[in-house]
Amino acid sequence: MDILFVIDRLELKYFEFNNLVTNFWIIRELLKENNKVYITTIDKLFIKLGIAYAHCYEAYEKDGNIFYDKALCDSKINDFSLVMFRPDPPVDIDYINATYVFDFVDRNKTKIINDPISIRNFNEKLHTLKFIDLMPENIVTSSKSDIIDFLNKYDEIVLKPLNACFGSGVMTLKKGDKNTAVIINTMTKNQTQLIMVQKYISKARFGDKRVMFLGDEVLDVCVQKLPSNDDFKFNEHCDSNIIKAELTQNEKEKFLPVAKELNSLGLPLVGLDVIDEKIIEINVTSPCYFIKEVNGYFNCELEKKITQFILSSLYSSVH
């Protein structure tokens with residue numbers, strides 16, 4: 001079948017020999033199974049006479065790696081059986097406009113994972129509040145006084161922009177810090193922009209666990225993402241910062257209803273960031289499954305399980 005991947009522009013630049021990226025493994029596996037795979041980016045989507053199209057490149061596999069033909073071709077998006085919509089945040093106006101293109105795609109002809117409408121309706125920071133009992137204490141606000149009150153109550157907090165990724169712009173703040181006003185004003189753009197503010201979890205110094213969903217299933221495999229260098233958070237994808245982790249039975253039971261609800265919302269491929277059994281973020285845009293690391297630590301081929309799930313989802317949607 002013909003499959004289209006909407007990937008990040010930076011990922012297109014480093015498409016080949018990039019086995020740290022989840023799409024690398026999934027695309028390679030789909031190609032090995034004799035599917036035709038094409039790639040595009042959000043700036044190459046377009047609409048003509050009310051019909052959604054993509055300027056795209058055909059990918060191919062050779063000697064265990066993936067490449068793409070540099071000649072652009074134009075294709076109706078409805079000519080693809082499946083679209084994998086996986087551009088990275090920030091979820092800015094260009095990203096939102098890209099999701100609108102898929103409002104002109106007939107879902108009866110083309111399966112889309114994760115559904116752009118669902119991504120558009122689900123903020124990775126803010127909508128974690130749907131599962132507030134599984135989160136650390138938090139507020140969403142642009143008010144300096146609200147944040148200072150929260151800081152005074154919990155002594156140390158984490159401030160997060162709502163639409164970034166990979167730890168970008170995330171800061172910690174301790175009670176009594178001389179830069180408190182500057183940090184709050186910077187994060188909220190002088191009290192004009194909403195941010196997520198969470199109680200700092202002391203176990204964050206050990207990193208956060210990536211819990212991964214496939215539809216209604218919580219995967220048994222997971223990794224721990226360690227803080228990078230002298231930072232308090234993970235922001236560098238390299239071997240030394242990703243270690244094997246165990247998913248407890250209690251975690252599986254806690255997060256199973258989360259997987260089921262998100263899947264029902266059109267978000268089957270999801271990664272949770274978890275510290276001390278608390279969800280700090282829900283990744284729905286282009287969640288990383290850390291396939292290279294998981295395969296090494298658990299002696300498995302996670303890409304096969306993911307592609308099997310994707311293809312079975314497609315089959316069930318058309319029968």
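Numbers here simply count residues along the sequence, with the first being 1.
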Is it the case that over 12 heavy atoms from other parts of the model lie below 6.0 angstrom from the CG atom of Asn250? yes
So if you build clusters from Ile, Leu, Val, Met, Phe, Trp, Tyr with side-chain heavy-atom gaps below 4.5 Å, do Ile3 and Phe309 land together? yes
Answer yes or no: is there a donor N or O on one side and an acceptor on the other, between the side chain of Asn138 and the main chain of Pro136, under 3.5 Å? yes
Test item: Asp79 and Lys109 side chains (from C-beta on) under 4.5 Å apart, heavy atoms: no
Answer yes or no: are there more than 12 heavy-atom neighbours, outside Lys36 itself, under 6.0 Å from its atom NZ? no
Take Lys174 and Asp155 through the test side-chain contact (heavy atoms from CB on, under 4.5 Å) and record every step on the way to the result. CA-CA 6 Å; Lys174 289 185 178 181; Asp155 294 328; over 6 Å; no
So, using side-chain hydrogen bond (donor to acceptor under 3.5 Å, both in side chains) as the criterion, who are the partners of Ser75 when residues are at least two apart? none
Using 30° and 60° as the class boundaries, would you call the ring planes of Phe85 and Phe102 parallel, tilted or perpendicular? perpendicular
Is there a path of hydrophobic side-chain contacts, each under 4.5 Å between heavy atoms of I, L, V, M, F, W or Y residues, that connects Leu302 with Ile26? yes
Write down the atom of Asp273, the atom of Asn283, and the distance for their closest heavy-atom approach. OD2-ND2, 3.2 Å
Sequence neighbours excluded, the answer for side-chain hydrogen bond (donor to acceptor under 3.5 Å, both in side chains) partners of Lys199 is none
Would you call the rings of Tyr60 and Phe67 parallel, tilted or perpendicular, where under 30° means parallel and over 60° means perpendicular? parallel
Greater than 12 external heavy atoms within 6.0 Å of Gln308's CD: no
Looking at every non-hydrogen atom in both residues, tell me the closest pair between Cys222 and Glu246 and how far apart they are. SG-C, 3.7 Å
Measure from the side-chain N and O atoms of Asp69 to the backbone N and O of Glu58, and report whether any donor-acceptor pair falls under 3.5 Å. no
Would you name the heavy atoms of Asn241 and Pro227 that are closest together and state the gap between them? OD1-O, 3.9 Å
State, to 0.1 Å, how close Glu124 and Glu281 come at their nearest heavy-atom pair, and which atoms those are. O-CG, 3.6 Å
Is there a side-chain contact (heavy atoms from CB on, under 4.5 Å) between Ile77 and Val101 once you walk through the steps? CA-CA 10 Å; Ile77 294 177; Val101 172; 4.2 Å; yes
Between Leu256 and Val274, is there shared hydrophobic-cluster membership here, with clusters defined by ILVMFWY side-chain heavy atoms closer than 4.5 Å? yes
Do Thr41 and Asp43 have a side chain donor and acceptor closer than 3.5 Å? yes
Test: Lys252 cationic atom under 6.0 Å from Phe255 six-membered ring centre, within 45° of axis: no
Verify side-chain contact (heavy atoms from CB on, under 4.5 Å) between Tyr154 and Lys175, making sure each step is shown before the conclusion. CA-CA 8 Å; Tyr154 294 109; Lys175 185 177 178 179; over 6 Å; no
Between Leu247 and Leu272, is there shared hydrophobic-cluster membership here, with clusters defined by ILVMFWY side-chain heavy atoms closer than 4.5 Å? yes
Thr22, Ile291, Leu30 screened by side chain to side chain contact (heavy atoms under 4.5 Å, CB included) with Glu303, the one that passes: Ile291
Does Gln224 use its side chain to pair, donor to acceptor, with the backbone of Phe206 at less than 3.5 Å? yes
Judged by atom type as modelled, is there a donor-acceptor pair below 3.5 Å linking the side chain of Asn114 to the main-chain atoms of Val284? yes
Would you find more than 12 non-hydrogen atoms of other residues, nucleotides or ligands less than 6.0 Å from Lys32 atom NZ? yes
Closer than 3.5 angstrom, by distance alone: can the side chain of Tyr289 be matched with the main-chain N or O of Val270 as a donor-acceptor pair? yes
Between Arg107 and Val105, is the side-chain contact (heavy atoms from CB on, under 4.5 Å) condition met? List the steps. CA-CA 6 Å; Arg107 301 303 201 276; Val105 175; 4.1 Å; yes
Has Thr110 got a side-chain atom pairing as donor or acceptor with Phe80's backbone, closer than 3.5 angstrom? yes
Hydrophobic cluster membership, Tyr95 vs Ile112, 4.5 Å side-chain cutoff: yes
With the threshold set at 4.0 Å, does a side-chain nitrogen-carboxylate oxygen contact exist between Glu301 and Arg28? no
Hey, does Met187 have a side-chain heavy atom less than 4.5 Å from the side chain of Ile147? no
Does the distance from a Lys or Arg side-chain N to an Asp or Glu carboxylate O, for Glu137 and Lys153, drop under 4.0 Å? no
Salt bridge or not between Lys48 and Asp74? Use side-chain N to carboxylate O under 4.0 Å. no
For the NZ atom on Lys70, are there more than 12 heavy atoms of other groups (residues, nucleotides or ligands in this structure) within a distance under 6.0 Å? yes
Whether Asn263 side chain and Ala259 backbone form a donor-acceptor pair below 3.5 Å: no
Main chain of Leu162, side chain of Asn123: is a donor-acceptor contact present, judged purely on distance under 3.5 Å? yes
Give a yes or no on whether the backbone of Leu214 and the side-chain of Glu217 come within a donor-acceptor separation of less than 3.5 Å. no
Looking only at heavy atoms, the pair that brings Gly207 and Ile275 closest together is O-CG1, 3.9 Å
More than 12 foreign heavy atoms under 6.0 Å from NZ of Lys305: is that the case here? no
Carefully, step by step, assess Arg86 and Glu11 under the rule salt bridge (charged side-chain N to carboxylate O under 4.0 Å, His left out). CA-CA 10 Å; Arg86 290 180 55 82; Glu11 187 178 334; over 6 Å; no
Tell me whether Lys203 at atom NZ has more than 12 heavy atoms from other residues, nucleotides or ligands lying less than 6.0 Å away. no
Keeping Ser118 on the side-chain end and Leu265 on the backbone end, is there a donor-acceptor pair under 3.5 Å? yes
For Glu33 and Leu311, which heavy atoms make the closest approach, and how far apart are they? OE1-CD1, 3.3 Å
Does Lys260 come within less than 4.0 Å of Asp216, counting only side-chain N to carboxylate O? no
